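Here the structure is a predicted model, which means the values were calculated and not measured.
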Amino acid sequence: MSALPRSYNPFAEDEEEDVAPAGPGGAGGADRQRFLQQEVLRRSAATADSTTRSLSLLYESERIGVAASEELIRQGEALKRTEQMVDKMDQDLKTSQRHINSIKSVWGGLVNYFKAKPPESKPEQNGVPEYYANSRLKEAMVSSKEQESKYQESHPNLRKLDNSDNDFNKADLVSSGQRDAYPKNQQLRAYHQKIDNNLDEMSSGLSRLKSLALGLQTEIEEQDDMLDRLTKKVETLDVNIKNTDRKVRQL
């Protein structure tokens, strides 16, 4: 019996070609290793970009916190001006009551003569009273304002276009001890260093945000006390105005 021809099975050649496995040192192993290297670089680049975006959002939050602190300080200045105006009105009202007592009767004039005069209020300097925010908020604002340049550098719309290779150049500036902790691949080492630097900056930024939040809390509590004090003064002033008005009508 003659042997079957090789072309009897139309898939024989394909099967024979597929059977040969690629060894560890073959083309298949090299392709897989190259694919894994590219995948590691891609994931490292994505992580570095993610930390950069997070850092940019952190700087933006810090900038908003500084703006809110400045607005709160301006509000405190307005409250202090209002309180001084109320004190001045109360002083003027007491003077008016003394004059009304003098007009009503001779006895009222004698009472005013022997009665101690109310202390005169000091005039405001340049018309704007000086307001002092709490020291914690001031220190936090100064520390955060020093990071304004970093915010501009990290903002995507303000970032320079020619700094794409800066991170790779900075990778050569690390010490030998730090260089040993990073991978030997230059690109991968640059990504790892960038991630570490971003995480360190995020840690410092979160600490500054915490200081801003605590300073804002203290300032708000102090202004709440000022508002309560001002409310009581306004209520007392309203009662005194009504009493003075009634006395004037009785003249």
Side-chain angles (χ1 to χ4, degrees), residues 57-148 151 205-251:
L57 292 174
L58 188 62
Y59 286 143
E60 172 67 10
S61 301
E62 194 170 357
R63 188 181 66 85
I64 294 174
V66 171
S69 301
E70 293 175 346
E71 183 63 30
L72 190 62
I73 290 176
R74 285 193 291 269
Q75 177 178 307
E77 293 173 353
L79 285 174
K80 186 169 185 179
R81 285 196 298 269
T82 304
E83 186 175 11
Q84 288 188 349
M85 289 174 60
V86 171
D87 292 339
K88 184 67 168 56
M89 292 173 64
D90 184 67
Q91 188 69 31
D92 294 340
L93 190 61
K94 290 179 180 179
T95 303
S96 300
Q97 290 176 350
R98 290 172 58 85
H99 293 317
I100 292 173
N101 292 335
S102 299
I103 294 173
K104 286 181 64 175
S105 63
V106 178
W107 175 252
L110 293 175
V111 171
N112 288 335
Y113 180 80
F114 292 104
K115 188 176 181 181
K117 293 183 179 180
E120 296 182 358
S121 59
K122 297 181 180 179
E124 298 177 0
Q125 298 179 352
N126 299 328
V128 180
E130 193 172 359
Y131 177 78
Y132 298 97
N134 68 86
S135 58
R136 173 179 289 181
L137 182 59
K138 277 186 172 182
E139 293 174 358
M141 289 176 61
V142 171
S143 177
S144 295
K145 283 184 177 180
E146 294 176 352
Q147 311 302 319
E148 187 175 0
Y151 162 72
L206 289 172
S207 177
R208 292 192 302 270
L209 276 178
K210 179 182 178 181
S211 299
L212 270 176
L214 293 175
L216 285 169
Q217 180 183 5
T218 304
E219 183 68 19
I220 290 173
E221 291 175 353
E222 291 179 357
Q223 291 193 18
D224 283 344
D225 295 338
M226 189 184 301
L227 282 171
D228 293 339
R229 186 172 63 249
L230 182 59
T231 301
K232 294 178 181 179
K233 288 183 177 181
V234 170
E235 291 175 351
T236 303
L237 181 64
D238 182 63
V239 173
N240 293 336
I241 289 175
K242 291 180 180 179
N243 292 335
T244 304
D245 181 69
R246 186 177 64 254
K247 292 179 180 179
V248 170
R249 293 178 183 275
Q250 292 175 354
L251 291 179

Kindly write out the residues that satisfy salt bridge (charged side-chain N to carboxylate O under 4.0 Å, His left out) with E219, not counting sequence neighbours, or none if the list is empty.
-> none
Quick one: list whatever passes side chain to side chain contact (heavy atoms under 4.5 Å, CB included) with L93, sequence neighbours left out.
-> Q97, L237, N240, I241, T244
Rounded to the nearest 0.5 Å, how far does CD of E77 lie from OG1 of T82?
-> 11.5 Å
side-chain hydrogen bond (donor to acceptor under 3.5 Å, both in side chains): which pairs involve residues 65-76, sequence neighbours left out?
-> E70-K145, E71-R74, Q75-Q223
For E146, enumerate each residue passing the salt bridge (charged side-chain N to carboxylate O under 4.0 Å, His left out) test, keeping only those at least two apart in sequence or located in another chain.
-> none
List in chain and number order the residues that pass side chain to side chain donor-acceptor pair (under 3.5 Å) with T236, two or more places apart in sequence or in another chain; answer none if no residue qualifies.
-> none
In terms of side-chain geometry, is the basic nitrogen of K80 or E83 positioned less than 4.0 Å from the acidic oxygen of its partner?
-> no
Measure the shortest side-chain to side-chain distance between V239 and E235 over non-hydrogen atoms and say whether it is less than 4.5 angstrom.
-> no
Value for CD (E221) from CG (L216), rounded to nearest 0.5 Å, stands at 11.0 Å
Drop me the distance from I64's CD1 to Y59's OH, to the nearest 0.5 angstrom.
-> 15.5 Å
Apply side chain to side chain contact (heavy atoms under 4.5 Å, CB included) to the pair E222 and M226, showing each step before the final yes or no.
-> CA-CA 6 Å; E222 291 179 357; M226 189 184 301; over 6 Å; no
With sequence neighbours excluded, residues passing salt bridge (charged side-chain N to carboxylate O under 4.0 Å, His left out) with D238 | K242
Salt bridge flag under 4.0 Å for residues D90 and K233 = no
Minimum side-chain heavy-atom gap Q84-K88 below 4.5 Å | no
With a 4.5 Å limit on heavy-atom distance, are the side chains of L212 and R208 in contact?
-> no
Sequence-distant partners of D245, salt bridge (charged side-chain N to carboxylate O under 4.0 Å, His left out), two or more places apart | R249
Could you tabulate the donor-acceptor pairs under 3.5 Å formed by side-chain atoms of residues 135-144, not counting sequence neighbours?
{"from": "S144", "atom 1": "OG", "to": "E62", "atom 2": "OE2", "distance (Å)": "2.9"}
{"from": "S144", "atom 1": "OG", "to": "A140", "atom 2": "O", "distance (Å)": "3.1"}

